[in-house]
**Q** 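Take this structure, written in structure tokens, and hold onto it; I'll ask about it next.
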Amino acid sequence: EQSFDTLIKNFENTTSDWSLLGQELNGTNTLDQVGNAVDITDDGQTIVIAEKTRIKVYHLVDEQWVQLGDDLGKVPDGFGLGGENYTNASVSISRTGKYVAIGQQYHGESSSNTGEVLVYHWGGSSWSQVGSDLNGSIYDNFGTSVSIIEHNLGFALAVGAFQYSKHLLHSQGQIGGTAKGYVEVYEYQEGGSITKIGSTINGDNNYDQFGRSVSLASGVGDTLTLV
């Protein structure tokens, strides 16, 4: 029997070598698949980790990783495409750990893989969702990649949708569609709502699957790297 609970190890560079920072973070159940996606704050003290059915955030306290608040994401309603399964989630945490973005590219009823993105805010003692869910269209795989940066007024967020499902279904003769992939950028100011800024950035060619990876430069989010 195979066990895919996996584990996370964090290291710091001390002079000329790497040493383990805090304890190993292990899955608790078979097939937990801890570490599907990870991100870390600028100071290296807070990390976000994707597991199969949940997202967790940890903070380093007295050389031990302690979970911050409850698990993030929605309650699982099934395994595989169409369920709240974070096996292929993308995660991003802002530089101070104030905001966490979660991309779930396989979200959608009846395996439609529209994809969704959720953003959470740390209020000092608990997490709360910011704004409404952000959703793609059928077979978009919206949330393939996410990148969030905070600024004085809120945050900027980039989301990739590489449309792998459209590519796959087209190859099987089931649907049309170009599967170019695309990226959208959003902004949030505290007290307001998450709003899209600028135009959608599309891939140039059919089946480019543009948006596999996105990265916003620190600052106000006006520089974007895309793959």
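Note that the structure is a prediction, hence the values are computed from the model and not measured.
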**Q** Return the CH2 to CD distance between W65 and Q45, rounded to the nearest 0.5 Å.
**A** 6.0 Å
**Q** Shortest non-hydrogen contact from A37 to A89?
**A** CB-O, 3.4 Å
**Q** Enter the distance from I93:CD1 to I49:CD1 here, rounded to the nearest 0.5 Å.
**A** 10.0 Å
**Q** Do you know which two heavy atoms are closest between K180 and N205, and how far apart they sit?
**A** CG-O, 3.2 Å
**Q** Taking I148's backbone N and O only, do any of them form a donor-acceptor pair with S94's side chain (distance below 3.5 Å, no angle check)?
**A** no
**Q** Shortest non-hydrogen contact from N202 to F210?
**A** C-CD2, 3.9 Å
**Q** Can you check side-chain contact (heavy atoms from CB on, under 4.5 Å) on L68 and V66, steps first, answer last?
**A** CA-CA 6 Å; L68 287 181; V66 178; over 6 Å; no
**Q** Quiz question: by atom type and distance under 3.5 Å, do the side chains of E184 and Y186 form a donor-acceptor pair?
**A** yes
**Q** Can you see which heavy atom on K196 is nearest to which on S199, and at what distance?
**A** CE-C, 4.2 Å
**Q** Show the nearest heavy-atom pair for residues T41 and R95, with the distance to one decimal.
**A** CB-O, 3.2 Å
**Q** What is the distance from atom CG of L21 to atom CD of E63, rounded to the nearest 0.5 Å?
**A** 6.0 Å
**Q** Please report the closest heavy-atom contact between V146 and S92, naming both atoms and the distance.
**A** O-CB, 3.6 Å
**Q** Quick check on the hydrophobic clustering: are I40 and L25 connected, directly or via other members, by side-chain heavy-atom contacts under 4.5 Å?
**A** yes
**Q** Less than 3.5 Å apart, any donor N or O on the side chain of S90 or Q105 sitting next to an acceptor on the other?
**A** no
**Q** Hydrophobic cluster membership, with links at side-chain heavy-atom distances under 4.5 Å among I/L/V/M/F/W/Y: are V48 and V130 in one?
**A** no
**Q** Applying the 4.5 Å side-chain criterion to the ILVMFWY set and letting contacts propagate, would Y99 and I47 be lumped into a single cluster?
**A** no
**Q** Are a donor atom and an acceptor atom from the side chains of T195 and E187 found within less than 3.5 Å of each other?
**A** no
**Q** Apply side-chain contact (heavy atoms from CB on, under 4.5 Å) to residues L118 and Q129 and explain how you reach the verdict.
**A** CA-CA 7 Å; L118 310 174; Q129 186 174 345; 3.6 Å; yes
**Q** Decide whether Y188 and V117 are clustered together by the hydrophobic rule: side chain heavy atoms of Ile, Leu, Val, Met, Phe, Trp, Tyr closer than 4.5 Å, transitively.
**A** yes
**Q** Show every side-chain hydrogen bond (donor to acceptor under 3.5 Å, both in side chains) that has at least one partner inside residues 118-127, sequence neighbours left out.
**A** none
**Q** More than 12 heavy atoms of other residues, nucleotides or ligands under 6.0 Å from CG of D43: yes or no?
**A** yes
**Q** Side chains of V100 and L72: does their closest heavy-atom pair fall under 4.5 Å?
**A** yes
**Q** Between the side chain of D208 and the main-chain N/O of D204, is any donor-acceptor distance below 3.5 Å?
**A** yes
**Q** Please report the interatomic distance CG(L157) to CG(L216), rounded to the nearest 0.5 Å.
**A** 7.5 Å
**Q** Decide yes or no on side-chain contact (heavy atoms from CB on, under 4.5 Å) for L60 and T46, but give the supporting numbers first.
**A** CA-CA 6 Å; L60 192 65; T46 307; over 6 Å; no
**Q** Do V91 and I55 have side chains that approach each other closer than 4.5 Å (heavy atoms only, starting at C-beta)?
**A** yes
**Q** Could you check whether R54 pairs with D71 (Lys NZ or Arg NE/NH1/NH2 to Asp/Glu carboxylate O, under 4.0 Å)?
**A** yes
**Q** Working to the nearest 0.5 angstrom, can you tell me the gap between L153 CG and E190 CD?
**A** 7.5 Å
**Q** Which value, rounded to the nearest 0.5 Å, describes the distance between Y182 atom OH and F162 atom CZ?
**A** 12.0 Å
**Q** Go through it in stages, so that I can follow the logic: the residues are L134 and I194, the test is side-chain contact (heavy atoms from CB on, under 4.5 Å), and I'd like the CA-CA distance, side-chain angles, deciding distance and then a yes or no.
**A** CA-CA 9 Å; L134 302 175; I194 302 175; 4.1 Å; yes
**Q** Between Q163 and N141, is any side-chain donor less than 3.5 angstrom from a side-chain acceptor?
**A** no
